[in-house]
Amino acid sequence: MAELGKGVTAGKLALNVQKRLSRAQEKVLQKLGKADETRDTAFEELVASFNKQMTEGTKLQRDLKAYLAAVKAMHDASRRLQDCLADMYEPDWFGKEEMDALVEEMIEKEMDNNLEDTDTLWLDYHQNLTDKALLCMDTYLAQFPEIKSRIAKRERKLVDFDSARHHFSSLQKGKKKDEAKIAKAEEDLGRAQKIFEELNVELQDELPTLWDSRVGVYVGTFQSLAGHQEKFHKEMSKLSQNLNDIMTKLEEQRQLKKDATAATKKVDDAKSEEANHSESTSPAPKKLGPPPSRPPPRLTPSPDPKQQSLGMLEEEASAADTNTDASSTTQQSSVTNGSDADLPPGFLYKVKAVHEYTATDNDELELKVGDAVLVLAFDNPDEQDDGWLLGVKESHWSQKKDISAKGVFPENFTQKV
């Protein structure tokens with residue numbers, strides 16, 4: 001007869017069909033209670049543990065694959081983000097002028113190295129997890145299908161053993177005993193029992209060992225996963241810090257460029273203002289801002305424009321009086337050019353008030369237009385504020401010969417005589 005398939009003949013196929021029918025018949029008789037069934041409670045517990053172990057291992061393998069897929073997706077997203085940053089970072093953002101060019105070139109080089117290191121780190125992390133965790137689980141689970149097939153075969157051989165045992169028992173209990181059939185049934189029973197017991201012994205040895213191996217596999221898998229995660233995140237944190245440092249340098253350089261531009265503009269504005277000021281000359285003293293409120297440092301106040309005009313008129317009147325009153329001039333000359341006994345200690349020179357000034361603090365000197373003031377040196381030069389002088393009114397010194405009424409006053413409210 002022609003073969004029906006590779007290695008399968010019609011006779012062998014018929015034998016297999018006959019075995020299946022016999023096993024099905026035996027299972028039906030066992031369920032109906034007309035044939036006893038061999039039960040092995042200890043082995044059934046081993047099979048239950050095997051099924052539980054296979055389910056858990058399959059789930060862990062599936063979750064590991066999902067984790068690796070997420071790592072790969074994260075790597076791709078990180079790469080796209082880094083590529084976007086690299087594309088946006090242009091060396092000519094701040095110009096390559098003079099020494100700035102070297103700094104920008106260094107920053108750009110660091111950026112390229114950082115992106116390459118990040119990509120390599122992701123690749124190594126994915127590869128290590130695949131080799132040390134996923135492949136370990138694949139090897140562990142690869143043995144389950146073969147053992148599961150042998151368990152199923154044992155179940156079939158157990159049914160064959162029960163069927164042969166029942167057949168042999170029925171022949172022995174029959175009224176007409178056929179010794180040839182009994183001998184043949186006994187031989188079939190012995191062969192079925194031998195095949196079953198060989199499989200049963202092997203599985204009873206292997207299943208407990210396989211069950212105990214799960215702990216070592218889980219420990220190795222998660223230790224490897226945790227170790228590579230720790231290494232990856234540690235190295236990634238360094239690269240992240242490097243990237244942060246690069247961005248900090250970029251911001252510092254931007255600020256320096258901004259400050260330099262502002263300083264240049266300020267210098268240009270100052271030169272322009274100075275040029276405009278030199279073109280428009282004015283006989284009036286330089287006007288500064290109004291006197292600030294205390295506490296110090298004290299700033300030089302600006303005279304009131306009305307007082308300034310009044311001061312100019314007073315100055316002209318004073319000049320006329322000087323020409324007509326020789327005695328007054330003689331008196332002033334004697335104070336300025338007299339002996340040391342006629343001058344207060346620390347005397348420097350004399351000024352005349354050309355604007356009225358109202359004192360705003362106890363240590364300030366109140367001035368009226370035309371007041372003559374003897375300028376004195378500060379005991380501590382560090383205490384002198386810009387634009388302010390220390391002095392005592394000439395009238396007070398002439399009458400009392402003491403400097404207890406000395407005080408500070410704005411220099412631009414007076415004129416040196």
Show the numbers, then the answer: is there a side chain to side chain contact (heavy atoms under 4.5 Å, CB included) between T221 and L64?
CA-CA 10 Å; T221 299; L64 271 176; 3.8 Å; yes

Under a 3.5 Å cutoff, is there a donor and acceptor pairing between the side chains of Q61 and Y140?
no

Taking atom CG of L390 and atom CG of D385, what is their separation to the nearest 0.5 Å?
11.5 Å

Can you name the closest pair of heavy atoms from L207 and F50 and give their distance?
CD2-CD1, 3.7 Å

For the student: nearest non-hydrogen atoms of I403 and L376, plus distance:
CG2-CD1, 4.1 Å

Is it true that a side-chain atom of Q384 and a backbone atom of W388 form a donor plus acceptor pair closer than 3.5 Å?
yes

Check the orientation of F196 and F161. Use parallel for under 30°, tilted for 30 to 60°, and perpendicular for over 60°.
parallel

How far apart are the closest heavy atoms of D402 and V392, and which atoms are they?
O-CG2, 4.3 Å

Check: S224 side chain, G220 main-chain N or O, donor-acceptor pair, under 3.5 Å
no

Check: D342 main-chain N/O paired with W397 side-chain donor or acceptor under 3.5 Å
yes

Gap between atom NE2 of H396 and atom CG of D371 - 0.5 Å precision:
13.0 Å

So, does H75 use its side chain to make a donor-acceptor pair with the main chain of V71 at under 3.5 Å?
no

Does the side chain of M54 reach to within under 4.5 Å of the side chain of P145, using non-hydrogen atoms?
no

Under 3.5 Å, is there a donor-acceptor pair between the side chain of S169 and the main chain of R165?
no

So, do S49 and Q53 sit near enough that their side-chain heavy atoms are less than 4.5 Å apart?
no

Classify the angle between the aromatic ring planes of F232 and Y125 as parallel (below 30°), tilted (30 to 60°) or perpendicular (above 60°).
parallel

Nearest 0.5 Å please: distance from the NZ atom of K65 over to the CG atom of L60.
11.5 Å

Between R214 and W211, is there a donor-acceptor pair closer than 3.5 Å when you use the side chain of the first and the backbone of the second?
yes

Quick check: are there more than 12 heavy atoms from other residues, nucleotides or ligands sitting under 6.0 Å from CD of Q255?
yes

Picking from E155, K194, R156, K157, what satisfies side-chain contact (heavy atoms from CB on, under 4.5 Å) with L199?
K157

Could you tell me whether F222 atom CZ has more than 12 heavy atoms of other residues or ligands within 6.0 Å of it?
no

Closest heavy-atom pair, K234 versus S237, reported as atoms and distance to 0.1 Å, is O-OG, 2.6 Å

I'd like to know if K72 and D76 make a salt bridge, using a cut-off of under 4.0 Å between side-chain N and carboxylate O.
yes

Under 6.0 Å from the CG atom of D205, do we count more than 12 heavy atoms belonging to anything else shown?
yes

R191 vs I195 side-chain heavy atoms within contact, under 4.5 Å
yes

So L389 and F413, do their side chains get closer than 4.5 Å, heavy atoms only?
no

Looking only at non-hydrogen atoms, find the nearest pair between Q204 and L46 and report the distance.
CA-CD1, 4.2 Å

As an exercise, state the distance from CD of E146 to CD of E206, rounded to the nearest 0.5 Å.
7.0 Å

If you take all heavy atoms of N412 and H355, which pair is closest and at what distance?
O-CD2, 3.6 Å

Side-chain contact, heavy-atom cut-off 4.5 Å: H126 with L68?
yes

When rounded to the nearest 0.5 angstrom, what distance separates CG in D259 from NZ in K266?
11.5 Å

Should the pair K231-E235 be classified as a salt bridge under the 4.0 Å nitrogen-to-oxygen rule?
no

With side chains defined as the heavy atoms from C-beta onward, is the minimum distance between T360 and T358 less than 4.5 Å?
no

Using modelled atom types and a 3.5 Å cut-off, is there a donor and acceptor pairing between side-chain atoms of T264 and backbone atoms of A260?
yes

Would you give the length of the straight line joining atom CG of L129 to atom CG of L134, rounded to the nearest 0.5 angstrom?
9.0 Å

Can you check whether L210's main-chain N or O pairs, donor with acceptor, with S213's side chain at less than 3.5 Å?
yes

